[in-house]
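Have a look at the structure below, then the notes.
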Amino acid sequence: MVAAEDVLLFVNAATASTGQREFSENAEQQSISLSFLHEYMRVNYRELYAATLALGINDHNAMLAVRGLLGNARDVSAEQKAIEGRLIAATLMRLSPPRVFRLFKALQRDGVNNRRTRAIIRDWMTALDNPAYHAVKYRSGFKAGLKHAHVDFGDGELRDFLFGPLQRKPYTTPILETWRQAHYDRNVLYKLPYTVAEGFAAKHGVKREVFIERIGTQMTPLEKLRTDREPVDPLAVLEGSAKYCGPQQIPWLTRLAVRILALPLDERAARRAELTDGMRRFARSEAGDLAGTWGRVTAVLDDSFSSFGSPVKRRRPLAVALATHFLLEALAAPGQYTPLWMSGRDDPLLSYPSGATPLGTRLLDALETAPTRIVVVSDGWDNSPPGLAGEVLRVWRTRLDPARRVDIVHVNPVFNAEGLDVRALSPLVPSVGIRDAEDLVLLVELAQFAQGRVGLPELLAYLDDRVRRFLGAD
């Protein structure tokens with residue numbers, strides 16, 4: 001049971017935290033706690049630690065886990081190394097190229113250059129569909145991986161570009177020749193990837209608004225979301241994402257929620273119908289075959305002042321609540337979904353961080369709707385009045401619903417570094433960490449293990465199944 005609790009403790013942290021500043025804790029506290037948990041799991045439960053790569057932990061922690069597994073494998077059996085190698089390879093295929101290249105640089109700094117590491121890097125790099133494109137867009141990371149794993153593409157042009165880029169004239173590879181010409185011809189730079197062209201535009205003194213207008217077709221979906229060129233129809237971003245992202249699982253629903261909350265309230269109100277339709281279409285796409293299968297669902301959603309997050313994760317907890325709202329609407333039976341916001345507002349698109357966190361009161365309201373499932377999305381700071389939520393849940397579970405007819409799950413987007421876990425509402429209700437609303441279904445599955453009703457054998461069977469599915473979809 002201790003092992004099961006430790007695994008769930010780590011998964012909560014590795015799902016919710018990215019090592020960045022939160023509302024009440026700084027980045028250093030977050031990083032120290034995460035580092036401790038990673039080392040604790042790797043040393044004491046290495047097999048389970050590797051298996052958590054298949055549980056949807058966030059990209060930041062997936063990179064930390066891969067780095068730790070590759071850098072500390074002296075006494076690991078060949079069989080375990082083989083399993084870890086497959087998990088790592090599958091994980092890298094699901095990470096964005098910039099993250100993978102940052103990992104290569106970190107392994108280079110760590111001096112991790114064993115045979116398994118070189119093979120994993122070599123396999124990932126040789127599997128790239130367009131090596132020249134990645135070499136241009138991520139030149140320093142591509143070069144680091146190439147040198148560290150001794151990868152030979154058998155392409156003299158690519159080696160010349162990386163180690164003596166302006167010595168060859170001209171290149172026969174189109175994108176390499178375009179990069180060379182962009183040094184002296186400002187009209188050519190618009191054929192390059194956005195991040196590369198951006199540097200050339202600054203060099204040539206091109207005005208920002210002119211550059212953004214002309215570079216549009218070269219921008220990836222995520223780059224469009226970070227500028228003012230997001231499409232009117234958000235599904236257009238989703239449909240075009242495969243061209244740039246390959247097998248990555250991009251949390252578009254949560255990304256769009258972040259983007260919507262960054263808009264002024266007046267603009268959100270003016271575009272309410274369009275934005276609501278976009279979120280619902282994303283949510284239905286994410287729900288897939290599970291749409292309409294969750295029965296009567298009530299959500300308790302936190303839009304209190306602490307949902308602002310922090311300057312580096314601005315409105316992130318509120319965005320998770322907003323995205324979860326639309327996903328739960330899609331998962332619930334038609335007409336059987338009730339959203340309850342802390343503020344009492346009834347228009348989710350006009351949500352903004354304000355006020356206290358009356359979790360206990362809203363839980364009472366939720367129970368009055370007679371649901372089959374209650375999902376609470378909150379950082380767990382019950383302060384109006386303090387402790388009421390825990391007392392409501394205690395009385396409900398011990399006196400009114402000991403048979404657990406109502407399934408209650410608390411998903412928390414904020415990692416509590418001091419407690420090494422997400423802040424819980426009550427020992428009688430599972431609390432699990434969440435990074436993106438898209439992880440909700442998996443987290444509800446994990447919640448059955450979080451109350452101690454299911455032991456380590458069941459958790460191991462679940463992990464084995466998740467690993468098989470993770471590697472089978474490779």
task: State, yes or no, whether a side-chain contact exists between Ile120 and Val66 at a heavy-atom distance under 4.5 Å.
output: no
field: Thr117 (side chain) donor-acceptor with Asn113 (main chain) under 3.5 angstrom
entry: no
- prompt: Is a side-chain donor or acceptor of His410 paired with a backbone partner of Ala424 at a separation under 3.5 angstrom?
  reply: no
- prompt: Quick one: does Asp303's side chain get under 4.5 Å of Arg345's, heavy atoms only?
  reply: yes
message: Can you tell me how the ring of His325 sits relative to the ring of Trp341, calling it parallel under 30°, perpendicular over 60° and tilted otherwise?
response: tilted
message: Under the criterion side-chain contact (heavy atoms from CB on, under 4.5 Å), I'd like the reasoning laid out for Asp439 against Asp436: C-alpha separation, chi angles, the key distance, then a yes or no.
response: CA-CA 6 Å; Asp439 298 326; Asp436 300 301; 4.1 Å; yes
task: For the pair Arg468 and Asp464, find out whether any cationic side-chain nitrogen is under 4.0 Å from an anionic carboxylate oxygen.
output: no
query: Below 4.5 Å, heavy atoms only, C-beta onward: do Ile88 and Leu92 meet side chain to side chain?
result: yes
query: Are the side chain of Asn383 and the backbone of Thr357 linked by a donor-acceptor contact shorter than 3.5 Å?
result: yes
- prompt: Aromatic ring centroids of Phe305 and Phe23 under 6.0 Å?
  reply: yes
N/O donor-acceptor pair under 3.5 Å between His38 side chain and Ala14 backbone: no
- prompt: Between Arg271 and Asp277, does at least one N-O distance fall below 4.0 Å, as a salt bridge requires?
  reply: no
message: Between Ser307 and Asp302, is there a side-chain donor-acceptor contact under 3.5 Å, judged purely by atom types and distance?
response: no
Face-on cation placement of Arg94 at Phe470 ring, 6.0 Å and 45° thresholds: yes
query: Tyr138 vs Phe101 aromatic rings, parallel, tilted or perpendicular, using cut-offs 30° and 60°?
result: tilted
- request: State yes or no: are the ring centers of Tyr49 and Phe10 separated by less than 6.0 Å?
  value: yes
message: Looking at Asp401 and Val406, would you say the former's side chain and the latter's main chain have a donor-acceptor pair under 3.5 Å?
response: yes
message: Taking Gly380's backbone N and O only, do any of them form a donor-acceptor pair with Arg423's side chain (distance below 3.5 Å, no angle check)?
response: no
- request: With the side chain counted from C-beta on, respond yes when Ile434 and Pro413 share a heavy-atom pair under 4.5 Å apart, and no when they do not.
  value: yes
query: Is Arg362 salt-bridged to Asp365, cutoff N-O under 4.0 Å?
result: yes
message: Could you tell me if Gln20 and Thr18 have a donor-acceptor pair between their side chains, going purely by distance under 3.5 Å?
response: yes
query: Does any non-hydrogen side-chain atom of Leu64 lie less than 4.5 Å from one of His60?
result: yes
message: Given 3.5 Å as the limit, does a donor-acceptor pair link the side chain of Ser35 with the main chain of Ser31, or not?
response: yes
query: Would a 4.5 Å heavy-atom cut-off, applied to side chains only, mark Trp381 and Val414 as touching?
result: no
query: So, Asn26 side chain and Gln29 main chain: donor-acceptor pair closer than 3.5 Å or not?
result: yes
- request: Flag the pair Val432 / Val411 as yes when at least one side-chain heavy-atom distance between them is below 4.5 Å, and no otherwise.
  value: yes
query: Just by distance, with hydrogens left out, do Thr369 and Thr298 show a side-chain donor and acceptor under 3.5 Å apart?
result: yes
field: Whether Arg466 side chain and Leu55 backbone form a donor-acceptor pair below 3.5 Å
entry: no
Salt bridge flag under 4.0 Å for residues Glu84 and Lys81: no
task: Return yes if some donor-acceptor pair links the side-chain N/O of Glu438 with the main-chain N/O of Thr254 below 3.5 Å, else return no.
output: yes
